[in-house]
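Structure record follows, encoded as structure tokens.
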Amino acid sequence: MNYFFVYATFFVLGACFGSFINVIRYRFPRDISIISPRSFCPQCKTPIPFYLNIPIFSWFFLKGKCNFCKTKISFSYPLIEFFTASFFVFNTFFSNYFSSIYLLDLFYLNIFSTLLIIISLIDFDNMIIPNKLLIIGSCLGFFFNLIKYTFLGNQTFLYVFYKFIILSFLAFIFLEMLNLIISFFLKKDAFGFGDSKYLFMLSTWLGFYGVICTFVLSLYIGGVITIFLIISKKINSSGKIPFGPYLSIAAYVVSLLGPNNIVLFLKNFYKLA
């Protein structure tokens, strides 16, 4: 019964975060404040009362339509809320990468997961990753690691700055150089500049080793998904595909399993192959 209460609490909390993700997804690319005005219908601009803005439930209660202008509301809204809620529950089973303190690590992991979902959705919708979002994410990553290594550990501020800022710049430069080399042969950019900046942000959370594993894993994930989409004719071979979601999936896997386990898995995979 106690476990059920914990899972239910995190599910509700995750659904609320998912509702906030929907707000950010819509407003950030349009340069609208995420604080005010309060939630409104994108079509008729009517403010939505709190009792009609309950995550997941409200969409079904309103039968997928605005209560005022009857415009259809995309099913992606409750889906993202449910998806985020499920992530928060799932994260309770994998919590040891960011901190040895369970609750603190779970808090970090949930914030990190929220950032990954937001960035993936915006990149998927608009083929951009907003700089403001990357700056916020980078500051949070550095701040959380500062707490982990300095306030809860015995490392100095300079150590944390070197490991999660200086080396993050190296990760950024690495991807840009790789992009330059590939672009020279393909005559077009392999990755967007936003992907390089995103890699910097991920490095402030996962560290240089973790972000290198993230990048390598994202190539495998991106390759498999892209081939599937081309075969199923969802995209054409020359179509532009956002790389941010692949980086997000890989970063999440690395945050759950740790980079050492990812490297070990790839080694065993190639041995068997």
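Starting from 1, each residue takes its place in the sequence as its number.
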Measuring only between side-chain heavy atoms, which start at C-beta, is [X] closer than 4.5 Å to [Y]?
X	Y	result
Thr150	Tyr159	no
Val216	Ile262	no
Leu146	Phe151	yes
Met201	Leu247	no
Ser218	Phe215	yes
Ile249	Leu217	no
Cys41	Phe68	no
Val23	Ser39	yes

In terms of hydrophobic clustering (I, L, V, M, F, W, Y; side-chain heavy atoms under 4.5 Å; direct or indirect links), are [X] and [Y] co-clustered?
X	Y	result
Phe10	Tyr102	yes
Val263	Phe265	no
Leu79	Ile54	no
Leu13	Phe93	yes
Ile166	Leu202	yes

Nearest non-hydrogen partners of [X] and [Y], listed with the distance:
X	Y	value
Pro245	Asp123	CD-OD2, 3.4 Å
Ser120	Gly244	OG-O, 4.3 Å
Phe28	Pro130	CD2-CB, 3.9 Å
Ser58	Asn53	OG-N, 3.4 Å
Thr226	Gly222	OG1-O, 2.6 Å
Pro47	Pro49	O-CD, 3.5 Å

Within a radius of less than 6.0 Å around [atom1] of [X], do more than 12 heavy atoms belonging to other residues, nucleotides or ligands occur?
X	atom1	result
Met127	CE	yes
Lys45	NZ	yes
Ile35	CD1	no

Ring center gap for [X] and [Y] short of 6.0 angstrom:
X	Y	answer
Tyr149	Phe164	yes
Phe11	Tyr7	no
Phe94	Phe90	yes

Item to check | Verdict with supporting geometry, Phe143 and Ile147, side-chain contact (heavy atoms from CB on, under 4.5 Å) | outcome: CA-CA 6 Å; Phe143 178 70; Ile147 293 175; 3.4 Å; yes
Distance, nearest 0.5 Å, that separates [atom1] of [X] from [atom2] of [Y]:
X	Y	atom1	atom2	value
Ile117	Leu115	CD1	CG	9.5 Å
Leu116	Thr84	CG	OG1	11.0 Å
Ile48	Asn67	CD1	CG	9.5 Å
Leu175	Ile173	CG	CD1	11.5 Å
Ile24	Thr114	CD1	OG1	8.5 Å
Leu178	Leu219	CG	CG	8.0 Å

In terms of the angle between their ring planes, are [X] and [Y] parallel, tilted or perpendicular, with boundaries placed at 30° and 60°?
X	Y	result
Phe61	Phe57	parallel
Phe75	Trp59	perpendicular
Phe157	Phe142	perpendicular
Phe17	Phe88	tilted
Phe169	Phe200	tilted

Item to check | Steps toward side-chain contact (heavy atoms from CB on, under 4.5 Å) verdict (Val254, Val211) | outcome: CA-CA 8 Å; Val254 170; Val211 87; over 6 Å; no
Checklist entry - Can you check side-chain contact (heavy atoms from CB on, under 4.5 Å) on Ile119 and Leu134, steps first, answer last? => result CA-CA 9 Å; Ile119 291 173; Leu134 292 174; 4.1 Å; yes
Say whether, by atom type as modelled, one donor and one acceptor occur between the side chain of [X] and the main chain of [Y] under 3.5 angstrom.
X	Y	value
Ser19	Cys16	no
Asp105	Ile101	no
Asn145	Gly141	yes
Trp205	Tyr108	no

Checklist entry - When you look at Ile111 and Phe107, which way does the side-chain contact (heavy atoms from CB on, under 4.5 Å) test go after all the steps? => result CA-CA 6 Å; Ile111 296 298; Phe107 174 73; 4.1 Å; yes
Next on the checklist: Once ring-ring contact (aromatic ring centres under 6.0 Å, His included) is applied, do any residues pair with Phe208, and if so which ones, sequence neighbours excluded?
Outcome noted: none
Checklist entry - With Arg25, which of Ile80, Asn126, Ile118 fulfils side-chain contact (heavy atoms from CB on, under 4.5 Å)? => result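 For Arg25, the side-chain contact (heavy atoms from CB on, under 4.5 Å) check succeeds only for Ile80.
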Next on the checklist: What I want to check is whether the side chains of Asn91 and Tyr252 have a donor and an acceptor closer together than 3.5 Å.
Outcome noted: yes
Checklist entry - Side chains of Ser248 and Tyr198: is there a donor and an acceptor less than 3.5 Å apart? => result yes
